[in-house]
Every structure is written in C-alpha cells, then in structure tokens.
Amino acid sequence: MKVLVTGGTGFIGSHTCCVLLEEGHEVVVIDNFSNSSKEVAEKIKEISDRNITLYEGDVADKDLLRGIFANEKIDVVIHFAAYKAVGESVKLPLKYYRNNLGNTLSLLEVMDEYNCKRLVFSSSATVYGTPEALPIKESFPLSTTNPYGTTKLMIEQILKDLAKADPTWSIAILRYFNPIGAHPSGLIGENPNDIPNNLMPYIVKVANKELEILSIFGDDYDTKDGTGVRDYIHVMDLAKGHLKAIEKVMKETKIDCYNLGTGEGYSVLELVETFKKVNNIDVPYQIVSRRPGDIAACYADPSYALEELGFKAEKGIEEMCKDAYNFIIKNKE
Ligand code: WQD
C-alpha cells in the first residue's frame with residue numbers, strides 16, 4: 001500500500017515510517033520540520049534501506065496536499081502532524097487550535113476531494129482526563145483539562161461526525177498512552193531541542209549530564225510509592241500498532257477507537273530506578289511539588305486493540321529504558 005504519513009519525521013511518525021517500509025509499504029511524508037529535522041528522513045532511509053517520498057510543508061496547505069494526492073496514489077493516511085506540548089498549549093491555546101484543528105480540517109477536505117477515505121488518527125489517552133477507574137477502557141467517559149488534549153478530543157468528534165455523515169470513511173482513532181524508547185539502531189529517537197516536558201527525555205538528559213537533576217513532581221499521590229503511575233509503551237510497539245491499524249481500515253469500513261498501551265502501570269520512581277539499573281548510570285533527582293493538571297495514575301486496558309487489531313505490545317520497561325539511552329549515546333558519538 002502507499003501510505004501518506006503527516007508529521008512522518010517526528011518521534012512516533014519516524015518510527016512508524018520504518019515499520020511501514022520494512023513491511024514493504026510505500027511511504028510518502030509531509031512535514032514542516034517544526035518539531036523534527038530533515039536529517040530524520042535520511043535516517044529512516046538508512047534504517048530501512050528504502051526510500052521515502054518527502055514533501056516539505058504544512059498540512060494546512062491545501063494546494064500542497066492536492067499536489068500530493070494528484071501525484072501519488074495514496075491508499076491510506078496516518079495523521080501525526082500536530083503540536084503536542086501540554087504546558088505550551090495552556091499558554092498559547094490559539095496556536096494549538098489553529099494548528100491541530102486547522103491541519104486536520106484541511107487534510108480531511110482534500111482527502112474527500114480525492115476520494116481517499118481511509119485514515120488512522122494519532123489521538124492520546126489524555127482524552128480520558130481523570131479516569132473513573134483503572135485500567136482504562138475505550139468506552140470510558142472523555143474529558144480534557146488542557147487545550148492540547150481538547151484539540152485531540154475535538155478532532156475525534158469531527159471524525160465521528162464525518163463518518164456518520166459519510167459511512168464510506170474508514171477511520172481508526174489510536175489513543176496512545178506514554179510512548180518512550182527509540183529504534184534499537186539508535187539512529188532515531190526522542191530528543192527534544194528545548195527543556196523536555198516529558199519524563200523519559202528529561203531522565204535521559206540528566207543521565208547525559210545535559211541537565212543537572214530530575215524533579216519528580218510529587219510523591220504524595222495515592223499510588224504504590226506516591227509518585228505518578230503511567231502506562232509506558234515502547235515507540236517501536238506503538239509503530240507496529242499503526243501497521244495493524246492501516247490493515248484494519250483497509251479491510252473494514254467503520255470508525256473505532258483503540259487504546260495503544262501495555263496495560264502495565266509504572267511509577268516515576270520505578271522508571272528512574274529501572275533506567276539507572278539497565279544503563280548502569282546515575283540519575284540524580286529531587287522530589288518537588290505536584291505539576292498542576294497531573295493525574296495520579298493512568299494505564300490501559302489493551303484488550304480491545306488485541307481483539308480488533310490483533311495488536312499487543314511486546315517490549316518491556318527495561319528495553320524502553322535501554323533503547324532511550326542508547327539513542328542519546330549513539331548520537332553523542
Ligand atoms: C509522566 C509522569 C509526571 C516530567 C503527557 C501528555 C500526553 C502525552 C504524553 C502527547 C507524570 C512525571 C514528568 C518530569 C516528573 N503527550 N514527571 N518529572 O503527563 O503522563 O502525558 O505526555 O500525546 O498527552 O499529557 O507524561 O512524561 O509528562 O509525565 O515527575 O520532569 O512523570 O508527573 O507522573 P504525561 P509525562
């Protein structure tokens with residue numbers, strides 16, 4: 001199949017491109033490199049020993065999109081391109097609504113024009129807000145507490161309304177839990193340019209002595225050791241989940257949502273200690289006050305994705321920690 005991947009040089013997008021290429025699919029990428037770089041496209045080719053077709057530009061640019069659909073016979077689209085920093089979205093909501101919603105509406109309108117109606121959408125477990133129970137099922141109530149999460153929830157609603165109006169759309173909404181790790185080659189991974197918002201990239205920078213100390217946001221939650229519990233999933237497993245999702249939307253015409261998680265919850269302290277052990281490296285940390293908006297615990301019931309997509313995460317927390325650090329070491333060299 002020929003797959004258009006928006007944001008295909010980003011963290012999850014680049015790993016998904018590698019998996020798609022290794023499966024023998026053709027990959028077309030559109031990316032404005034706002035949170036990545038053109039070099040990642042070269043790394044994808046190096047890893048997969050296959051070429052990708054790369055269009056530099058913005059998903060909001062409908063003429064660029066029309067050119068892609070006119071030149072490339074796209075079978076299915078995976079839509080990653082979005083801003084995703086929770087804290088920044090609180091400070092700059094209009095930037096997030098304009099970009100995340102605007103991109104998606106432009107993409108859907110052009111897909112419709114070219115009668116390409118098979119889509120995999122990158123959503124997030126953040127749409128569950130503070131879960132009513134654990135583990136989290138797809139049928140749970142949805143609510144969000146920040147503009148980033150709200151853009152994901154709004155886009156899910158847009159997609160549901162679209163599929164209702166035109167049932168020839170086939171859409172898989174993937175709700176990611178906490179993606180971490182890196183490709184085992186160490187050639188691609190997560191390496192935010194500025195101070196990381198998320199836990200693992202922060203741990204890695206402290207281990208690599210780029211940052212002095214890790215601040216653990218609260219140890220007074222009602223969890224196993226008082227620190228926040230999350231469902232960390234290896235980015236390579238997450239990438240494989242997208243492969244299953246495009247197969248699903250090609251086979252069955254419907255819209256549905258799927259949790260992509262492991263079903264295992266690990267605390268911040270457990271992740272830090274595992275990272276130190278497997279990489280034999282120190283990660284100095286201090287306990288500070290809670291981060292506003294954080295929830296105590298969040299982990300998936302992954303059974304529906306297994307039932308419907310045949311997807312099950314395989315890599316454990318130790319491999320996630322090893323691969324995350326290996327990426328930084330390889331790139332330091
Ligand atoms: C994980 C745990 C923090 C940083 C967010 C988004 C979500 C998705 C993944 C995009 C929490 C603690 C963190 C630090 C810490 N992103 N922490 N010190 O908040 O679960 O999810 O990223 O889709 O939408 O909401 O991930 O990695 O920021 O935090 O103690 O420096 O680590 O309190 O318990 P989160 P995270």
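For ligands, and for the atoms within them, numbers begin at 1 and follow the listed sequence. Along the sequence shown, residues are numbered consecutively beginning with 1. Note that the structure is a prediction, hence the values are computed from the model and not measured.
An N or O contact shorter than 3.5 Å links Arg230 to ligand 1 by distance. In terms of polar-atom proximity, defined here as any N/O pair under 3.5 Å, Pro179 makes no such contact with ligand 1. For ligand 1, one of its N or O atoms has an N or O atom of Asn198 under 3.5 Å away.
Residue Val268 holds the heavy atom nearest to atom 12 (C) of ligand 1 of all those in Val268, Val229, Asn178. The residue among Gly87, Ser124, Ser123 with a heavy atom at the shortest distance from atom 7 (C) of ligand 1 is Ser124. The heavy atom nearest to atom 4 (C) of ligand 1, out of those in Tyr202, Phe217, Tyr266, Tyr83, is found in Phe217. Between the choices Tyr148, Tyr221, Tyr232, the shortest heavy-atom distance to atom 10 (C) of ligand 1 belongs to Tyr148. Of all the listed residues (Leu199, Leu271, Ile203, Thr227), Leu199 holds the heavy atom that lies closest to atom 27 (O) of ligand 1.
Between Phe121 and His79, the ring-plane angle classifies as tilted under the 30° and 60° cut-offs. Ring geometry for Tyr148 against Tyr96 counts as perpendicular: the plane angle is over 60°, on a 0 to 90° scale with 30° as the lower cut. Ring geometry for Tyr176 against Phe80 counts as tilted: the plane angle lies between 30° and 60°, on a 0 to 90° scale.
Residues Tyr285 and Ile203 fail the side-chain proximity criterion, which asks for heavy atoms closer than 4.5 Å.
Per-residue contacts place Asn197 under 4.0 angstrom from the following atoms of ligand 1 (heavy atoms of the residue considered): 4 (C), 28 (O). Heavy-atom contacts of Val86 reach the following atoms of ligand 1: 6 (C), 25 (O) (cutoff under 4.0 Å). For ligand 1, the atoms sitting less than 4.0 Å from at least one non-hydrogen atom of Arg291 are 3 (C), 19 (O), 28 (O), 29 (O), 36 (P), numbered in the order shown with element in parentheses. Less than 4.0 angstrom separates some heavy atom of Ile216 from each of these atoms of ligand 1: 30 (O). Taking every non-hydrogen atom of Asp294 and a distance limit under 4.0 Å, the qualifying atoms of ligand 1 come out as 3 (C), 33 (O). Near Gly228, meaning under 4.0 Å from one of its heavy atoms, ligand 1 places the atoms 34 (O).
Salt bridge absent: Lys164 and Asp161 never bring a charged side-chain N and a carboxylate O closer than 4.0 Å. Salt bridge annotation for Glu46-Lys43: absent, with no cationic side-chain nitrogen under 4.0 angstrom from a carboxylate oxygen.
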What do the steps show when you test Thr227 against Asp219 for side-chain hydrogen bond (donor to acceptor under 3.5 Å, both in side chains), and what is the final call?
-> CA-CA 4 Å; Thr227 63; Asp219 66 349; over 6 Å; no
Step by step, would you call Asn259 with Tyr128 a side-chain hydrogen bond (donor to acceptor under 3.5 Å, both in side chains)?
-> CA-CA 11 Å; Asn259 287 339; Tyr128 293 113; 2.6 Å; yes
Can you list the steps and then say if Thr262 with Glu264 is a side-chain hydrogen bond (donor to acceptor under 3.5 Å, both in side chains)?
-> CA-CA 5 Å; Thr262 65; Glu264 293 280 324; over 6 Å; no
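Residue-level proximity to ligand 1 for Ser215 is carried by the backbone, the only part with a heavy atom below 4.0 angstrom. Neither the backbone nor the side chain of Tyr176 has a heavy atom within less than 4.0 Å of ligand 1. Neither the backbone nor the side chain of Arg290 comes within 4.0 Å of ligand 1, counting heavy atoms alone.
The side-chain hydrogen bond (donor to acceptor under 3.5 Å, both in side chains) with Thr151 is formed by just one residue from the set Asn146, Asn100, Asn99; it is Asn100.
No donor-acceptor pair under 3.5 Å is formed between the side chain of Asp323 and the backbone N or O of Pro184.
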